[in-house]
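Scroll down for the structure; my scribbles are underneath it.
Just so you know, ligand 1 is whichever comes first in the structure, and atom 1 is the first atom listed for that ligand. Since the model is a prediction, treat every value here as computed from it, not as a measurement.
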Amino acid sequence: MAYDLQLSHIGKVYDNGTPAVIDFNLDVDKGEFIAFLGPSGCGKTTTLRMIAGFESITSGDLLIRGSRVNDLQPEKRPTSMIFQNYALFPHMTVRQNVMFGLEVKQLPVAEANRKVDRILDKLGLTEVANVRPTRLSGGQRQRIALARSLVVEPDILLLDEPLGALDANLRKSIQNELKLLQRDLGITFVFVTHAQSEALALSDRIVVMNAGRVEQISPPRELYTRPQSIFVARFIGANTLISGKVRNVEGGAVSLDTPFGALVAEPPAASITTGASASIVLPAEAMHVLPGSMSEAEVRAKHGSNVVPCQITRLQLVGHILQIGMTLPSGESVSLEGHADKYRDSLQAGTAGFVAWNPADTTLIAQ
Ligand SMILES: Nc1ncnc2c1ncn2[C@@H]1O[C@H](COP(=O)(O)OP(=O)(O)OP(=O)(O)O)[C@@H](O)[C@H]1O
């Protein structure tokens with residue numbers, strides 16, 4: 001069966017010579033929720049606009065359900081796009097805004113009315129159908145934009161930072177609605193966002209982009225626990241990177257010489273050889289902080305071979321969560337959050353301690 005959407009070696013060079021997107025490859029199944037995540041200017045919006053047909057494609061093939069659509073006009077594509085500012089017509093009522101796309105398609109009036117009623121009802125907009133959008137809240141306007149895009153029954157919905165204009169609380173509640181709606185309708189969603197938490201919460205897979213290139217395509221959890229590049233390790237989650245040189249690779253474990261002494265990691269997916277430079281990616285949630293009143297041998301016995309001395313600089317209790325600030329021997333400051341119960345009263349600010357972790361909770365990236 002054909003994929004719903006395929007980007008094969010897609011590239012975009014703007015007329016002024018800017019290479020905005022470079023060799024982008026992605027296969028999307030029907031009903032998948034895909035997020036494009038990356039820093040400003042990395043090419044997310046350009047890629048989305050190429051899928052919608054608002055931007056020409058310089059190289060590569062764009063396929064929707066197996067057909068090449070590079071040269072198809074936007075309105076001929078089975079896609080619909082929602083913009084950050086919603087682009088609603090202020091002089092039209094909610095109903096007229098939603099009806100607009102069906103009028104363009106010259107749908108018979110009775111059928112168009114039926115479809116509009118159904119989508120207004122689904123999105124809880126029936127009561128405000130005859131109001132102009134300027135009188136409504138950000139959340140309601142967001143729903144109108146969604147209704148307008150969904151009423152034309154696209155195969156693929158393209159969303160460009162659709163929640164960017166909403167405050168944090170509203171954003172959370174609309175995120176949930178969006179996810180439920182997407183599941184319910186079974187439509188493929190491609191979603192552009194700067195916000196890591198949003199991408200992690202909503203998507204089946206996340207495409208992390210950097211300077212026009214795809215860095216990694218993975219489900220959220222894998223992106224979080226198994227970053228494949230230094231860029232992703234720095235961009236996603238709260239990781240500490242420890243660089244070193246491989247001393248040896250033996251029995252499924254890699255030992256490295258690092259500024260903090262010899263440390264152990266699991267081998268990366270790609271092969272790695274003695275003498276190679278590599279970085280251990282250590283997630284904050286994998287770290288255990290132990291008090292300096294324990295000996296290093298005791299810490300090792302309890303938590304395995306990776307133990308690094310630290311200075312505990314700050315402890316702050318926020319409800320059940322203990323925020324711990326530390327300085328590593330490199331001078332690097334690291335902070336992490338742990339359950340207060342786990343640490344009870346064992347740690348003291350201004351004293352020496354240890355950080356220990358299980359090699360299985362880290363990722364090794366060769367450089
Ligand atoms: N019309 C244009 N002409 C020339 N260069 C452009 C044009 N639009 C975007 N660019 C450039 O292409 C690159 C990618 O831009 P794009 O808007 O796709 O990034 P983005 O990841 O969506 O950024 P943001 O998160 O800030 O919206 C940037 O260097 C940008 O300056």
Side-chain angles (χ1 to χ4, degrees), residues 5-26 28 32-62 64 69-74 77 79-88 138 141-142 145-146 149 156-168 170-171 174-175 178 188-218 220 223 227-237:
L5 173 69
Q6 272 181 292
L7 287 84
S8 174
H9 303 290
I10 292 287
K12 172 71 185 182
V13 181
Y14 280 107
D15 290 345
N16 62 4
T18 305
V21 177
I22 303 158
D23 198 28
F24 193 118
N25 292 291
L26 174 69
V28 182
E32 256 196 296
F33 197 129
I34 298 284
F36 292 171
L37 177 68
S40 193
C42 70
K44 307 180 293 290
T45 298
T46 301
T47 309
L48 201 72
R49 290 174 59 83
M50 286 193 284
I51 299 171
F54 298 132
E55 205 61 73
S56 65
I57 296 171
T58 313
S59 52
D61 296 312
L62 179 71
I64 295 181
V69 295
N70 285 44
D71 305 314
L72 207 60
Q73 293 300 310
R77 299 185 187 194
T79 54
S80 192
M81 184 150 162
I82 300 185
F83 301 90
Q84 179 167 11
N85 57 9
Y86 315 141
L88 298 174
R141 272 188 249 175
Q142 212 286 339
L146 259 174
S149 297
I156 302 170
L157 187 63
L158 307 168
L159 306 102
D160 191 1
E161 297 257 8
L163 311 183
L166 305 178
D167 69 45
L170 194 54
R171 212 171 159 138
I174 301 242
Q175 270 180 23
L178 203 59
T188 304
F189 274 34
V190 184
F191 185 96
V192 161
T193 181
H194 279 94
Q196 190 185 129
S197 60
E198 201 156 275
L200 291 167
L202 290 173
S203 327
D204 296 314
R205 284 188 299 157
I206 298 175
V207 180
V208 180
M209 297 183 70
N210 174 29
R213 291 184 192 276
V214 173
E215 285 274 339
Q216 183 167 346
I217 303 175
S218 296
L223 199 64
Q228 288 163 9
S229 71
I230 298 293
F231 176 85
V232 174
R234 289 195 200 285
F235 192 68
I236 303 280

| message | Please tell me whether Gln216 and Ser218 have a donor and an acceptor in their side chains that are separated by less than 3.5 angstrom. | response | yes
| For atom 17 (O) of ligand 1, what's the nearest protein heavy atom and its distance? | Thr45 CB, 3.9 Å
| task | Among all protein heavy atoms, pick out the one at the shortest distance from atom 25 (O) of ligand 1; state its residue, atom name and that distance to 0.1 Å. | result | Lys44 NZ, 2.8 Å
| message | Checking Gln228 against Glu215: is there a side-chain donor and acceptor pair closer than 3.5 Å? | response | no
| Which atom pair, heavy atoms only, marks the closest approach of Thr79 to Ile51? | CG2-O, 4.3 Å
| query | Any non-hydrogen atom of Gly43 lying under 4.0 Å from ligand 1? | reply | yes
| Contact (N/O only, under 3.5 Å) between Ala20 and ligand 1 | no
| field | Counterpart residues, salt bridge (Lys or Arg N to Asp or Glu O under 4.0 Å), relative to Asp23 (two or more places apart) | value | none
| task | Would you check if the distance from the ring center of Phe33 to the ring center of Phe191 is below 6.0 Å? | result | yes
| Heavy-atom gap Pro39 to ligand 1 smaller than 4.0 Å | yes
| field | ligand 1 versus Met209: contacting region, heavy-atom distance under 4.0 Å | value | neither
| request: Specify the protein heavy atom at minimum distance from atom 15 (O) of ligand 1: its residue, its atom name, and the distance to 0.1 Å. | output: Thr46 OG1, 3.8 Å
| Within the structure, does at least one protein heavy atom fall under 4.0 Å of atom 31 (O) of ligand 1? | no
| Heavy-atom count around Asp15 CG within 6.0 Å, excluding the residue itself: above 12? | no
| For atom 4 (C) of ligand 1, which candidate among Thr193, Asp15, Asn16, Val13 provides the closest heavy atom? | Asn16
| query | So which protein heavy atom does atom 10 (N) of ligand 1 come closest to, and at what separation? | reply | Tyr14 CE1, 3.3 Å
| query | Side chain of Thr18, backbone of Tyr14: donor and acceptor closer than 3.5 Å? | reply | no
| query | Which protein heavy atom lies closest to atom 26 (O) of ligand 1, and at what distance to 0.1 Å? | reply | Ser40 OG, 2.5 Å
| Atoms of ligand 1, numbered as shown, that sit under 4.0 Å from any heavy atom of Cys42 | 19 (O), 20 (P), 21 (O)
| Check: Ser59/Lys12 side-chain N/O donor and acceptor closer than 3.5 Å | no
| Short side-chain to backbone donor-acceptor contact, Ser203 and Ile206, under 3.5 Å | no
| What is the nearest protein non-hydrogen atom to atom 28 (C) of ligand 1, stated with its residue, atom name and distance? | Gly41 O, 3.6 Å
| query | Which of the atoms of ligand 1 are close to His194, meaning less than 4.0 Å from one of its heavy atoms? | reply | 25 (O)
